[in-house]
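Only one structure is covered here, and it is reproduced in the block below.
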Amino acid sequence: MDRRNFLKTAGASTTVYFAGLGIQLTQAGSEMPAHQPSDDARLRVLQYAIRAPNSHNAQPWRIDLTPDLGMDLSVDRSRLLPATDPSARQIHISQGTFLELLDIAARQFGYAAEMRYFPDGEYSSDSIDDRRVAAITLGPDPSVAPDPLFPEIRRRQTNRRRYNFAGPLSAAEWTAIQSAPRTKNLRWRVTADEAQRDAIAGICQDAMRIEVSSPARNRETAGWFRFSDPELRQNRDGFGLAQSGTEGIKKWIAETFVLDRERAANPKGAFAQGAIASLAEQAGSAAAFAALATATNTRLQQVLAGRAYARVHLTASRLGLAMQPLSQALEEYAEMAAPQQQIKQALNIADAHTVQMLFRLGHARPTPYSPRRDIAALIRQRPASENRTMGPSEG
């Protein structure tokens, strides 16, 4: 039986196979081994920080260990997303999510995490280099209080299923979500209004259609897509069908007969067209949409927006809410200018401001977690001769 007849006989619809492909800031929680105790407090907290949500599950973090329980965080430039995130804005949001989980974990183990942002100087929002994003020092501090969100680090995940709309968020859920960010000068919008939900869902679908119109963008997304469970286990990054909510016989058919990395770049192919159909289903099932925006778009503001987003996501997990970023409309290339403007109009956000994160909330059963690499893959032990002093705090 040839492929076409097999799929027809099986009644397979390609649109169900690609739930969530191309979603930018992801990628579920972390499928990690049980926590391994360590005498080094830095290693203990890093085992939790690496579970942070991040773009394409690229895990774009590099850690240099420094003396006196110090460590430096910088961008791993081998893990950028130049086609879908040409300015590396989302990569820097991912630095912020990492720092927030690191801070929460440090508190749990009785440490205060002193963070200095961009101690070597902050580079512009249209450039990126090897300068440190943050210099961090852990210090034992019996006065630090554990963060109630710590248990959610293991449970949090990005859920790309169709949500089960059971009415709007409760008053308690509303209050908790709206108060979750602690970042100053953050513009925060949450809406469950039906007309606004419909408008935002339509914009998101149009944005996905624009994203997949480019072979280069499709090729980049396919590069982080893992086309089988063994490939996912081997790489321990990216994402696969299970993380998109596809299970059982549908998953097997897709992996065996449909998915093809060589043809994934085709804007008219199943990889791209399935992403559009899935996005329409996802966005259309949201109980609420939320956005985090900033008055400026500096690297520091991107990092701080990432810290805020991490707290919102952990809070949603604590409430039993499903959550998924829908970031296509926020991508920074010329074709996406119109959807960016439409999102601002739909949420009453000033034209000059930057929407850093857009996401949906609702209820759905969990999906399998996305994998994470071992923390050893992130860490570089720098010789003492290369150690740098910490610059002034930038907030």
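Just so it is clear, the values below take in all heavy atoms, side chains as well, and ignore hydrogens, waters and symmetry mates. Small disclaimer: the values here were computed from a predicted structure and weren't measured.
For the residue pair Gln302 and Asn297, a side-chain donor N or O sits within less than 3.5 Å of a side-chain acceptor on the partner. With 3.5 Å as the limit, one finds a donor-acceptor pair spanning the side chains of Asn57 and Arg372. Between the side chains of Glu114 and Thr137, not a single donor N or O lies within less than 3.5 Å of an accepting N or O. In this structure, a donor-acceptor pair under 3.5 Å is absent between the side chains of Arg132 and Ser74. Side chains of Ser317 and Glu152: a donor-acceptor N/O pair is present below 3.5 angstrom, by distance only. Ser78 and Asp76 are linked by a side-chain donor-acceptor pair at a separation below 3.5 angstrom, with hydrogens and angles left out of the test. Counting only N and O atoms by type, the side chains of Arg160 and Gln324 include no donor and acceptor under 3.5 Å apart. Side-chain N/O atoms of Glu220 and Thr84 include a donor and acceptor closer than 3.5 Å. Under 3.5 Å, the side chains of Arg89 and Thr354 contain no donor-acceptor pair of N or O atoms. Side-chain atoms of Ser127 and Ser124 form a donor-acceptor pair, as typed in the model, at a separation below 3.5 Å.
Between Asp103 and Arg311 there is no salt bridge, since no side-chain nitrogen of the basic residue lies less than 4.0 Å from a carboxylate oxygen of the acidic one. Here Asp351 does not pair with Lys344 in a salt bridge; the nearest charged N to carboxylate O distance is not below 4.0 Å. A salt bridge between Glu335 and Arg217 is present, with a side-chain N of the basic residue lying under 4.0 Å from a carboxylate O of the acidic one. Ion pairing between Asp237 and Arg226 holds under the 4.0 Å rule for side-chain N and carboxylate O.
With rounding to the nearest 0.5 Å, the separation of CG in Leu304 from OG1 in Thr298 is 7.5 Å. Between Glu331 atom CD and Ser87 atom OG the span is 10.0 Å, to the nearest 0.5 Å. To the nearest 0.5 Å, the span separating OG1 on Thr367 from CZ on Arg161 amounts to 6.0 Å. Summarising the geometry, atom CG belonging to Asp193 is positioned 10.5 Å from atom CG belonging to Leu347; distances are rounded to the nearest 0.5 Å.
Arg187 CZ: more than 12 foreign heavy atoms inside a 6.0 Å radius. For Asp129, the CG atom counts as densely surrounded, since its 6.0 Å shell holds more than 12 non-hydrogen atoms of other residues, nucleotides or ligands.
Both Ile153 and Phe109 belong to a common hydrophobic cluster when Ile, Leu, Val, Met, Phe, Trp and Tyr are linked at side-chain heavy-atom distances under 4.5 angstrom. The cluster map of Ile, Leu, Val, Met, Phe, Trp and Tyr, joined by side-chain heavy atoms under 4.5 Å apart, puts Leu73 and Leu80 in the same cluster. No continuous path of hydrophobic side-chain contacts links Tyr333 to Ile203 [ILVMFWY only; heavy atoms under 4.5 Å]. Grouping the Ile, Leu, Val, Met, Phe, Trp and Tyr side chains by contacts below 4.5 angstrom, directly or via other members, places Leu81 apart from Ile210. Note: the hydrophobic cluster containing Met336 does not contain Leu279 (ILVMFWY, side chain heavy atoms under 4.5 Å, direct or indirect links).
Here the side chains of Ile50 and Asp374 are not in contact, with every heavy-atom distance at 4.5 Å or above. With contacts defined as side-chain heavy-atom distances shorter than 4.5 Å, the pair Thr221/Val212 does not qualify. Using a 4.5 Å heavy-atom cutoff, the side chains of Arg155 and Arg51 are not in contact. Contact of the Val190 side chain with the Trp174 side chain is registered, since non-hydrogen atoms from C-beta on lie closer than 4.5 Å. Proximity of Thr315 to Leu321: side-chain heavy atoms (C-beta onward) are nowhere separated by under 4.5 Å. Residues His92 and Ile128 are in side-chain contact: their nearest non-hydrogen atoms beyond the backbone lie under 4.5 Å apart.
Clustering of Ile, Leu, Val, Met, Phe, Trp and Tyr side chains at separations under 4.5 Å leaves Tyr163 isolated, with no partner residue.
In this structure, Phe239 has its ring center closer than 6.0 angstrom to the ring center of Phe225.
A cation-pi arrangement is absent between Arg154 and Tyr369 under the rule of less than 6.0 angstrom and at most 45 degrees off the ring axis. Cation-pi geometry between Arg131 and Tyr123 is not satisfied (NZ or CZ under 6.0 Å from the ring centre, within 45° of the ring normal).
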For Arg79 and Ser55, what are the C-alpha separation, side-chain angles and deciding distance, and is it a side chain to side chain donor-acceptor pair (under 3.5 Å)?
CA-CA 10 Å; Arg79 292 175 170 265; Ser55 265; over 6 Å; no

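Nearest heavy-atom pair, Lys268 versus Gln273, reported as atom, atom and distance to 0.1 Å: O-CG, 3.6 Å.
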